[in-house]
Amino acid sequence: MKRVRIKELLKTNPENQEVLVKGWVRTFRNNQFIALNDGSTNSNVQIVVDFNSTPEEILKGITTGASISVKGKLIASQGKGQTVEVVAIEVEILGDSDAEKFPLQPKKHSLEFLREIGHLRFRTNTFGAIFRLRNNLAFAIHKFFNEKGFVYIHTPIITSSDAEGAGEMFHVTNFDLANPPKTDNGEIDYKQDFFGKATNLTVSGQLEGELAAMAFSDIYTFGPTFRAENSNTTRHLAEFWMIEPEMAFFDLNDNMDLAEEMMKYVIKYALENNAEDIEFLSQRLSEEEKQKPQNERNEMTLIEKLKFCIDNNFERVTYTQAIEILRESNHNKKKKFTYLINDWGVDLQSEHERYLVEKHFKKPVILTDYPKNIKAFYMRQNDDGKTVRAMDILFPGIGEIVGGSQREERLDKLETRMKEMNIPAEDLWWYLDTRRFGTCPHAGFGLGFERLVLFVTGMTNIRDVIAFPRTPKSCEF
RNA sequence: UCCUUCUUAGCUCAGCUGGUUAGAGCACAUGACUGUUAAUCAUGGGGUCCCUGGUUCGAGCCCAGGAGAGGGAGCCA
């Protein structure tokens, strides 16, 4: 007999037919009712056992966390909480679970506690919903780009370029760290290392992505990225997943159009394909909100927030306009910002981004044309000599979710800028070759996948939307 | 890295001005009940009060140092 997944079973018309289900026990009530879950859906199926005819040792083995196999008959439920249920004919304990030691209990647990038992937290309603959603969001991203004819490029995880300037890097070596080979002048001799040079874990696949875009026109990468920054926040990880599309013959407007279309597409996909999980997380968030004081509460539910995001255009504003808005705001005049906005050219702080997104526009905002001094070397310079064709997408509650730009395709301008910013051109000879041989206008962006999952799940800590978070001083599991 | 808060039972937390044997709810165990929905009722077991040192007749509580966690900032995706 073939096992039926609970998701299918719950949609099946009950006709007293025999079924086989397997899963993990969530609760066992009244010595009769098992709530069984197999991860295919957030809902449990109710198994009804006859405690008079079931052996004592089987009943004792039906504890929270145990895995069981049940052969039984599917009937319309006689109780109120569910439409169908399985009347057990035979229950087999596949793997028992000592209820006294199993850390998950049939009660609410804090997210902090669940982080400490990361190996078991998949088995909770909340994390079940989060990771089914994460799965479908990843799939939706591939689907989106595939439908648009993009080529998925696997950029390397180990790189030798340390000139990307995106952050601190993790070194990759197989030297004996207690005794690495040295050169005559006492420096570590990387010529003797595995790759014959110093290597690192990638901080971005963008530069390699640009190489591929100069052949396929439209490409994207979707892979793990590593930053050795000592960042301890709810929005940063040392290992995270990033989506980086790169498009030849695109300018900044095309770039923004694509980013906005992609965000709306994947959110819509999740709403359509994970309705039950989003509904669960939406209610979860509403209950969390009730705990907060009235003035800090979010007026919109998670579902409303997601729909709002799909139905409204992202607000597009230049950095210069944003500075004007912030400078003229009552918030600034009443000195409510920690960092007051006076002059053009300063980098925006989180408080300013939050003000623009959450107070002023009340929707996702795309900021463009930042001062060149606060942005990376590869961004295309505007004719004003002061700004570059950069764009950041800011989301409510999360801040920067996408960072992108039109790239500088003019070799002379790029080389000059690299010199100004002390980027070693000789290390990036291969990157500059794209500007020597058939250069063209092009653009791209990076999307932090976990930040997207944060937004769609309504979770607030990034450690809760990746299965095994890596953060400073923390690499368990 | 900086600022800030926290650490007491398996979990969530209370513990008064430093004073006898450190408590509650849930969980767990045992029993009762048997169409329950985080079942209910009764009974019971369960503690390195984060660690180290200090002050004191006496420290869960005060002081110093350390560790871990949460929140905020910076950096960014």
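Here is the naming used below: chain letters follow the sequence lines, and residue numbers restart at 1 for every chain.
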> Without decimals, in angstroms, what is the distance between A/Asn230 CG and B/rC2 P?
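It works out to 9 Å between those atoms.
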> Distance between the C1' atoms of B/rG58 and B/rG19, in whole angstroms?
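Rounded to whole Å, the distance is 7 Å.
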> Between B/rC61 and B/rA69, how far apart are the P atoms? Round to whole Å, please.
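One P to the other, the span is 23 Å.
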> Would you tell me whether A/Ser77 and A/Glu85 have side-chain atoms, one donor and one acceptor, within less than 3.5 Å of each other?
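Short answer, yes.
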> Could you tell me how far B/rU1 sits from B/rC57 if I compare only their P atoms? Round to whole Å.
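It comes out at 41 Å once rounded to the nearest Å.
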> Of the nucleotides B/rA29, B/rA27, B/rA77, which one has an atom closest to the side chain of A/Ala99?
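Selected nucleotide: B/rA29.
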> Should the ring pair A/Phe170 and A/Phe226 be called parallel, tilted or perpendicular, given that the plane angle runs from 0 to 90° and is split at 30 and 60?
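Judged by the thresholds at 30° and 60°, the geometry between A/Phe170 and A/Phe226 is perpendicular.
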> Counting only side-chain heavy atoms from C-beta out, which of B/rU37, B/rC26, B/rG31 sits nearest to A/Lys107?
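For A/Lys107, the side-chain atoms sit closest to B/rC26.
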> B/rG70, B/rC28, B/rU30: which one has an atom nearest the side-chain heavy atoms of A/Asn461?
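Within the option list, the nearest is B/rG70.
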> Check whether any side-chain nitrogen or oxygen of A/Arg29 sits under 4.0 Å from OP1 or OP2 of B/rU34, and answer yes or no.
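Negative; the distance criterion is not met.
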> Calculate the interatomic distance between A/Arg115 atom CZ and B/rG70 atom P; express it in whole Å.
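One finds 5 Å between P of B/rG70 and CZ of A/Arg115, rounded.
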> Please report the distance, rounded to the nearest Å, between NE2 in A/His109 and P in B/rG25.
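So the NE2-P distance, A/His109 to B/rG25, works out to 18 Å.
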> When you get a sec, tell me which of B/rG70, B/rC28, B/rC75 is the closest nucleotide to the side chain of A/Glu100?
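Among the listed nucleotides, the one closest to the side chain of A/Glu100 is B/rC28.
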> Does the structure show A/Phe33 stacking with B/rU37, if we require the centres to be closer than 5.5 Å and the planes to be within less than 30 degrees of parallel?
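Here the ring of A/Phe33 and the base of B/rU37 are not stacked, as the 5.5 Å and 30° limits are not both satisfied.
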> If you measure from the P atom in B/rA59 to the same atom in B/rA42, how many Å do you get, rounded?
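Taking atom P in both B/rA59 and B/rA42, they lie 39 Å apart.
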> Given B/rU36, B/rC75, B/rA77, identify the nucleotide with an atom nearest to the side chain of A/Thr233.
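Within the option list, the nearest is B/rC75.
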> Please tell me which of the listed nucleotides, B/rG71, B/rA38, B/rC28, lies nearest to the side chain of A/Thr234?
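So the side chain of A/Thr234 is nearest to B/rG71.
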> Find out whether the Lys NZ or Arg CZ of A/Lys264 is both under 6.0 angstrom from the six-membered ring centre of A/Phe314 and within 45° of the ring's axis.
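Yes.
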> Rounded to whole Å, please give me the gap between CD1 in A/Ile117 and P in B/rC11.
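Between P of B/rC11 and CD1 of A/Ile117: 9 Å.
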> Taking atom C1' in both B/rU8 and B/rU48, compute the distance separating them and give it to the nearest angstrom.
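Taking atom C1' in both B/rU8 and B/rU48, they lie 12 Å apart.
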> Expressed in whole Å, how much space separates the P atoms belonging to B/rG66 and B/rG60?
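Between the two P atoms, the distance is 23 Å.
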> Out of B/rU37, B/rU36, B/rA69, which has the shortest distance to the side chain of A/Glu112?
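The listed nucleotide nearest to A/Glu112's side chain is B/rA69.
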> Look at A/Ser110 and B/rU12 and indicate whether a side-chain polar atom (N or O) is within less than 4.0 Å of OP1 or OP2.
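For A/Ser110, the contact criterion (side-chain N or O under 4.0 Å from OP1 or OP2 of B/rU12) is met.
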> When both hydrogen-bonding distances must be under 3.5 Å and the geometry is Watson-Crick or G-U wobble, what is B/rG46 paired with, if anything?
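Matched B/rG46 with nothing under the 3.5 Å cut-off.
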> Given atom CD of A/Gln105 and atom P of B/rC28, what is their separation to the nearest angstrom?
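Going from CD in A/Gln105 over to P in B/rC28 covers 7 Å.
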> Would you call A/Asp464 and A/Arg115 a salt bridge, using N to O less than 4.0 angstrom?
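Yes, A/Asp464 and A/Arg115 are salt-bridged.
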> Of the nucleotides B/rU12, B/rU37, B/rU34, which has the atom closest to the A/Asn30 side chain?
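Closest of the options to the side chain of A/Asn30: B/rU34.
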> Is the side chain of A/Arg121 donor-acceptor paired with the backbone N or O of A/Thr126 at a distance under 3.5 Å, no angle test?
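Between the backbone of A/Thr126 and the side chain of A/Arg121 there is no qualifying donor-acceptor contact (under 3.5 Å).
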> Sticking with atom C1', work out how far B/rG15 lies from B/rA22, rounded to a whole angstrom.
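Pairwise C1' distance, B/rG15 against B/rA22, rounds to 8 Å.
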> Starting at NZ of A/Lys108 and ending at P of B/rC13, how long is that distance when rounded to a whole Å?
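Rounding to the nearest Å, NZ of A/Lys108 and P of B/rC13 are 11 Å apart.
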> Specify the separation, in whole Å, of atom CD of A/Gln32 and atom C1' of B/rU34.
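A/Gln32 atom CD is separated from B/rU34 atom C1' by 5 Å.
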> Send over the distance from A/Glu400 CD to B/rG74 C1', rounded to a whole Å.
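From A/Glu400 CD to B/rG74 C1': 14 Å.
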> Check whether the aromatic ring of A/Phe449 stacks on the base of B/rA77, taking stacking as ring centres less than 5.5 Å apart and planes within 30° of each other.
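Stacking between A/Phe449 and B/rA77: absent.
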> Which of these nucleotides, B/rG74, B/rC11, B/rU36, is closest to any side-chain atom of A/His236?
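Closest of the options to the side chain of A/His236: B/rG74.
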> By nearest atom, which of the nucleotides B/rG35, B/rC76, B/rA39 is closest to the A/Thr27 side chain?
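For the A/Thr27 side chain, the nearest candidate turns out to be B/rA39.
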> Any donor-acceptor pair under 3.5 Å joining the side chain of A/Gln82 to the base of B/rU36?
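Present.
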> Looking only at side-chain N and O atoms, does A/Lys60 come under 4.0 Å of OP1 or OP2 in B/rU30?
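Answer yes for this pair, as a side-chain N or O of A/Lys60 is under 4.0 Å from OP1 or OP2.
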> For the P atoms, the ones on B/rG47 and on B/rC2, what distance do you get once it is rounded to whole angstrom?
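One P to the other, the span is 39 Å.
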> With a 3.5 Å cut-off and just heavy-atom distances, do the side chain of A/Ser231 and the base of B/rC76 make a donor-acceptor pair?
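Donor-acceptor pair under 3.5 Å: no.
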